[in-house]
Each structure stands twice: as structure tokens, then as C-alpha cells.
Amino acid sequence: MSDKMPNMDYDADEVISEFKERIKWPKNNEVQAVVKPSRMPFRILISLLITIVAGAAVYYMMLPALNIHDTEFYIFLIILVAIFMISFYFLCKANKVVERREYVKKKSIVPIIIIGVILVVMVVGYVVGVTLFRAESYSELMTVEEGNFETDFEEISYDKVPRVDASRAYTLADQQLGSLSEYMSQYVVSSNSTQINYEDTPVRVAYLEYADFFKWVNNTKDGLPAYMMIDLVTQEVTAVNCVELFGEGIKYSPTELFNEKLERHLRFQYPTYIMDTPNFEIDDNMHPYWITAVLDKTIGLFGGTDVKGVIITDALTGDSQYYDIEEVRTDSSLNWIDVVYSESLLLEQYNYYGKLQNGFWNSIIFQNDVNIASTGSGNIAMDDDVWVYTGVTSSKSDTSNFGFILCNQRTKETRYYQSSGATESSAQQSAQDAVQNYGYSATFPILLGIDGNPTYFMSLYGDSNTVKGYAFVSLKDKTVVGTGLLDVAKSDAKALNNALENYIDALEKNGVASDLDKDDIMVDEDEISSSDDNANTSATTDSSGTDTDTTDDTSTTETITGEVTAIKTSVNDGNTVYYLNIDGKYYYISVVDCMEVLLISKGDTVTVEFTPTDDTFIPADSVTIE
């Protein structure tokens, strides 16, 4: 029986290992055969078609300029090559057949070389344009002239300078939009606004945005119906109705989607131009336009950014026209344009000028005559243009300036004024210290000339981001401060006059002689319209540019008693105005005229005395809590 039994003398592990060796899949480095897939022309064609379709989608999203000076153009090319390689890899089924994978690897040498060449071009283009080798070229991007302070600042009146900054202007516009029932809930005010001169008055204009995607679906056919204009002196806000003025809404803006999106619309019109961020502006007839600076790289491939032209786009129709920068500077018909050069570009070019005049290594080691723009910048209206103002300090960021510059945002004309004194941040701190018991904060200063003395002008803000007063601080001596507060003066004009009077007195106490008659420069308080008259001005402006007064004149006074279902506020001319919703209409009154309105809460029952009108917003003569 034992002779018939099989021989069991073997190692099972050895048998299993031997079996694995026979059936195992070969490693990549063990494959000797390279198999060329069949129908190669067809596979290449399909890969190209996929690359074209996918590349078009990528281009639609990226919107790179087809320009060798645009870094995004090179990134786009690399993406196209990568799409082709991936498509070809899967169409050859290299992910499944190892012999085909080896074939694809061999054929990938050419695309890899293309990517390598692109990267080399980018690196070389960047290196030949770095400041280390091209310091002189960078320092010559901007020409700086000596300015005469007394002559240049003579026409700048302190009662015509902006009293609110961009953040406050946005708050005012947002409050105004919220009180307009026809726009409420459908649109929001864009946080991007442009400071311009309109009829010799500094204003900010801000376009609207759709509140969300569904609001876009509901309204995009007609476009954005209006834009907001904020007077930076009176703080009056106007919703300019484009449909009433021009017969149609704003069809092209950054808030649109697909082909009406402004950036995409411009790219399809000018595929090779490198464009800066468009600015929203209006002409003398209040017609809205987009002003887009066309950039040029003047040093190496990617360095020395400058402006070579401007694209003016009709925000209503989308029609665009390109103008060379010299034409914008000299053509009087284009003087309504205010912002071509962005603040960031102007300050960047000045810093190149201030640091690199004596070479790259001097800017790093010796730093002889090296200066830079101080932190922060403001805007000044002068010669019917908008100028960027900033102080000039040393590269070590001293607490004092030894001069300041003005840069024209339309022409790039730059003027330097040698006048040592406090930095803007130091002046802000001095103004805040003068009212420290109130806890007010100061806006970024605007430089003025008061009786020939360089002077910082600032608005003082409270916790609610409302103007609480004004301050003047001497540039040469930051301890010379004059303030005026709305809570004390009870009006915007009086607060401004108080600040100026206190400042002039402080100058005289510090030995600065003044032949200036205070009465000659004080604001005429009788000419300042009340905030009640200016509140909630919705633009029913006709085509001739004349505002239509929608308030009916009547001498009959009525009263209404009811529950307050909603409360809104706005600030005009420095005064807070309350809007009480009673039975579907808003009754508004200024805190200056009725302090009791501060005590009213939603749900309270009040009695309002008013002059009846057909408007949704009705001025109240008095409000009493029941």
C-alpha cells in the first residue's frame, strides 16, 4: 500500500513561488518589446481635436492675452501641451498595455522639449528684465518734475476736497440703495468705485452687481438699471437711472456672466492686448463707460510695466474704441477721462525712480539719495484731473517725510515738492489724539495749502463709520492741530469752520504769521443745503441733465399714527437721517431736527407730522413716541 502512495517530499512554498514566477506581470524595465498602436494618424487627430476643444474651454476661463509679454500666455501653452499628452496617452491605451506605454514615452520627448523651451524662454525673459541688470531702465520709467507748492495748490479749496473716503462712500451708497424699493433685493453696490471729477466736484461712481446667481438670471436680459454717484463733499448719494436717461441698462460689467462679462468681452475684441483692471467712469453727460488701460512690458519680457493706450467701452452697448496714450493726454475731447494709471502702478514706478537712480547695488548697500513713497495714498482734484498724493520718505521708513509727490492719473505727470514734515500716519495719530476722549478715527490725510502752509486735512469717523468732525494738522509740525466736531457745532459747515478757525489760531500761537482773514475762507453756512433736502436722491434725471423734483409743494400738514415696521438710516452733509416705515411709506427726519428719533425702535407706535406727497419717502416735520 505504501508503494502506491505519491511522494510527498517537497516544499509547498517553493512550488507557489515557482508558479508566481511563471505568471507574474513583467516590470516596466523588463519589457523589451515596444508595440506601436494601430491607426496612429487617427489617434493623433482625435488628440488634437480634444486639445482644441479643451483648450478653448481653458481659454474661455483664463482669458490670457495672446502676447509674448503675458506670463499667462506661456502657462496656457503648457496647459495645451499637457492636454494633448494626456489625451494621446489614454487614446493609445497606454494605461492598460505596458508595451504601448513604452511607445508613448518615446513619443513624448517632443512635447517635453516644447515645455522645456517655454520654461527656458520664461526664465531668460525674466532674468534679462530684473532690476539687478536693468536698474537704469527702471529708474527712467517715470519722469519727475519739481513742483511749486504755492502755485499748484492755490486753486485747491479746502471746502471742495473729499470729506469721506472709499469705505464711507460705499456705506452711503449701500444705505441709499437699500432705501430704493425698485432696486432693493435685486442688486448690491459694488465695493469697487472710482473717484473722478464731475462738474468740478469730486465724486465716486460705483456700478451695481446682481445680488446672486438667480437675480442675474432674472435681470441680465435688461442689464443693470442704474449706478451710484456719491458726492464726496456733501455726501449726497444719487442713483442714476440709466434706463430713464439712455433707454437701456448697463449690459457689460464684471458682474455679468458668459460673453457679457466685461473682461471676456474685451478679450474677444482685443485678443493680443495686456489689460489692466477696468475703471468705471462717466462722461459729462453722465453716460457710463469702462476705461481700461492697455499695458506694455518695456524691460525684458515681463518687466517695466507701463501704459501704452486706453480702451473706452460703452457700458450700455459694449462698443469699444482704442486710443494711444499720447492721444488721451493731448485730445481735449477725452479730458473727461480721469483714471488711466492705477495708484499701484504710479507708486511702483516712483519707487523704481527713487531707489534705482544711482544703481541697483546703491539701493541695497549704500542707499545714497534713496527714497520711496510712504505708506498709503490719497487723491486730490486739481486742473480738472485726479492726482494721487503720497509722501516721500527714506527707505528705512522714518516717521517723517522730506517731501511729497503728486501723480496725474490720466497723463502720469509727476511733481515733487520738497517740504519736510510728519508722515500721513503721524498726522492721523495727532488728529486722533486731539479727540481721544471721543475715540474717533481719522481718514487718510489730504494735503492742502492753508495760507501757504502745507496742511493735512482729515475727516473724523465714529464707530458707526459716520463723519463726526474734521481736523487740520500742519505738515511741518504735527502738534499744530485744529478740530471741529459735529456734536458741538450741530452742522457740517459749522464743524468745518470751527476746525479751520482753531487751526489758524494754533498756527499763530506757534509763531506762524498769517495775514489771512478767516472770514474770507469760511464756508457760507447759509449755502449748505440741509441733509433733509438731499437725503435719498433717486436719479430721475432727464436727458438734458436736469434733476427732476418729484416732491409736490403743498402747505397742508397732516399727521399719522402707526407702528414702525422698519427703520433705516443714512448720512448726508454729515447729519444722520432716520427713515421710519409706517403703513408702507418711509417718513424721514434728521437727528438734528428731532433727537427723540434716536429712541425709536422697531415695533414702537409713533405719531408723525408731515406735509403729504405722492412719494414713497416723505419728509417729516416732527416725530413723537406714543
Side-chain angles (χ1 to χ4, degrees), residues 139 141-149 152-153 155-156 158 160-169 192-198 200-205 232-233 276-281 291-293 295 305-307 310 325 328-329 335-355 371-393 401-419 421 423-425 427-428 443-449 454-459 475:
S139 67
L141 284 172
M142 173 178 283
T143 301
V144 181
E145 303 173 349
E146 291 286 338
N148 187 304
F149 179 82
D152 293 344
F153 281 74
E155 301 299 324
I156 301 178
Y158 78 94
K160 293 295 184 181
V161 299
R163 302 182 193 176
V164 294
D165 57 13
S167 64
R168 177 58 187 160
N192 297 318
S193 62
T194 308
Q195 181 172 328
I196 64 172
N197 286 334
Y198 177 72
D200 201 29
T201 300
V203 303
R204 278 193 173 270
V205 285
L232 301 181
V233 178
D276 203 350
T277 303
N279 296 307
F280 182 72
E281 293 196 34
I291 309 301
T292 308
L295 304 179
T305 304
D306 207 352
V307 175
V310 173
I325 188 61
V328 175
R329 291 169 176 166
N335 283 352
W336 60 270
I337 300 174
D338 285 311
V339 180
V340 174
Y341 292 85
S342 66
E343 290 188 25
S344 60
L345 179 59
L346 290 173
L347 297 181
E348 177 186 81
Q349 289 194 356
Y350 180 79
N351 285 337
Y352 286 142
Y353 170 84
K355 291 192 297 184
N371 62 83
I372 58 174
S374 59
T375 303
S377 60
N379 297 101
I380 296 176
M382 188 171 69
D383 301 331
D384 198 30
D385 278 323
V386 176
W387 298 67
V388 175
Y389 154 80
T390 187
V392 175
T393 186
N401 292 336
F402 48 75
F404 58 91
I405 57 171
L406 293 182
C407 303
N408 191 311
Q409 289 196 269
R410 180 174 64 88
T411 67
K412 204 177 76 168
E413 178 185 355
T414 302
R415 303 174 186 175
Y416 170 75
Y417 304 84
Q418 185 173 358
S419 182
T423 63
E424 296 86 349
S425 58
Q428 284 178 284
T443 59
F444 188 85
I446 296 174
L447 192 65
L448 303 176
T455 302
Y456 290 119
F457 170 76
M458 290 158 279
S459 295
L475 180 144

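Every heavy atom of this structure was used, including side-chain atoms; hydrogens, water molecules and symmetry mates were not. Counting from 1, the numbers follow the sequence of the chain as shown.
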A.B. asks: If you take all heavy atoms of F444 and G376, which pair is closest and at what distance?
C.D. replies: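 Closest heavy-atom pair between F444 and G376: CZ-C, 3.3 Å.
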A.B. asks: Which pair of non-hydrogen atoms, one from D385 and one from N335, has the smallest distance, and what is that distance?
C.D. replies: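 It is OD1-O, 4.5 Å.
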A.B. asks: For the residue pair D338 and Y198, confirm or rule out a side-chain donor-acceptor distance under 3.5 Å.
C.D. replies: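 No, no side-chain donor-acceptor contact under 3.5 Å.
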A.B. asks: Can you name the closest pair of heavy atoms from A293 and V340 and give their distance?
C.D. replies: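 Heavy atoms only, the tightest pair is CB-O, 3.4 Å.
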A.B. asks: So, do S377 and L347 sit near enough that their side-chain heavy atoms are less than 4.5 Å apart?
C.D. replies: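 Yes - at least one pair of side-chain heavy atoms lies under 4.5 Å apart.
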A.B. asks: Kindly compute the distance separating OH (Y456) from CG (L447), expressed to the nearest 0.5 Å.
C.D. replies: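 Between Y456 OH and L447 CG, I get 6.5 Å after rounding to 0.5 Å.
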A.B. asks: Of all heavy-atom pairs between P278 and T292, which one has the smallest distance, and what is that distance?
C.D. replies: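 Smallest heavy-atom distance, with atoms named: CB-OG1, 3.4 Å.
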A.B. asks: Enter the distance from D383:CG to I380:CD1 here, rounded to the nearest 0.5 Å.
C.D. replies: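 One finds 11.5 Å between CG of D383 and CD1 of I380.
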A.B. asks: Just do the side chain to side chain contact (heavy atoms under 4.5 Å, CB included) check on V339 and I291 with the steps written out, would you?
C.D. replies: CA-CA 8 Å; V339 180; I291 309 301; over 6 Å; no
A.B. asks: Less than 4.5 Å apart, any side-chain heavy atom of R204 and any of N379?
C.D. replies: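 Yes, close enough: below the 4.5 Å cut-off.
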A.B. asks: Are the side chains of T375 and S425 in contact, using a 4.5 Å heavy-atom criterion?
C.D. replies: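 Counting from C-beta outward, S425 and T375 never come under 4.5 Å.
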A.B. asks: Do the ring planes of F153 and F149 sit parallel (below 30°), tilted (30 to 60°) or perpendicular (above 60°)?
C.D. replies: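 F153 and F149: parallel rings.
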A.B. asks: Using modelled atom types only, decide if a donor and an acceptor are shared between the side chain of E424 and the backbone of G391 within a distance under 3.5 Å.
C.D. replies: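 Such a contact is found between E424 side chain and G391 backbone.
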A.B. asks: Closest heavy-atom contact between S374 and T390?
C.D. replies: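 For S374 and T390, the tightest heavy-atom pair comes out as O-OG1, 3.3 Å.
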A.B. asks: Output the distance between atom OH (Y341) and atom CD1 (I325), rounded to the nearest 0.5 Å.
C.D. replies: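 Separation between the atoms: 4.0 Å.
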A.B. asks: Is there a donor-acceptor contact under 3.5 Å from the side chain of Q409 to the main chain of W387?
C.D. replies: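 A pair under 3.5 Å: no.
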A.B. asks: Is there a donor-acceptor contact under 3.5 Å from the side chain of Q428 to the main chain of T443?
C.D. replies: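 Yes; at least one donor-acceptor contact below 3.5 Å.
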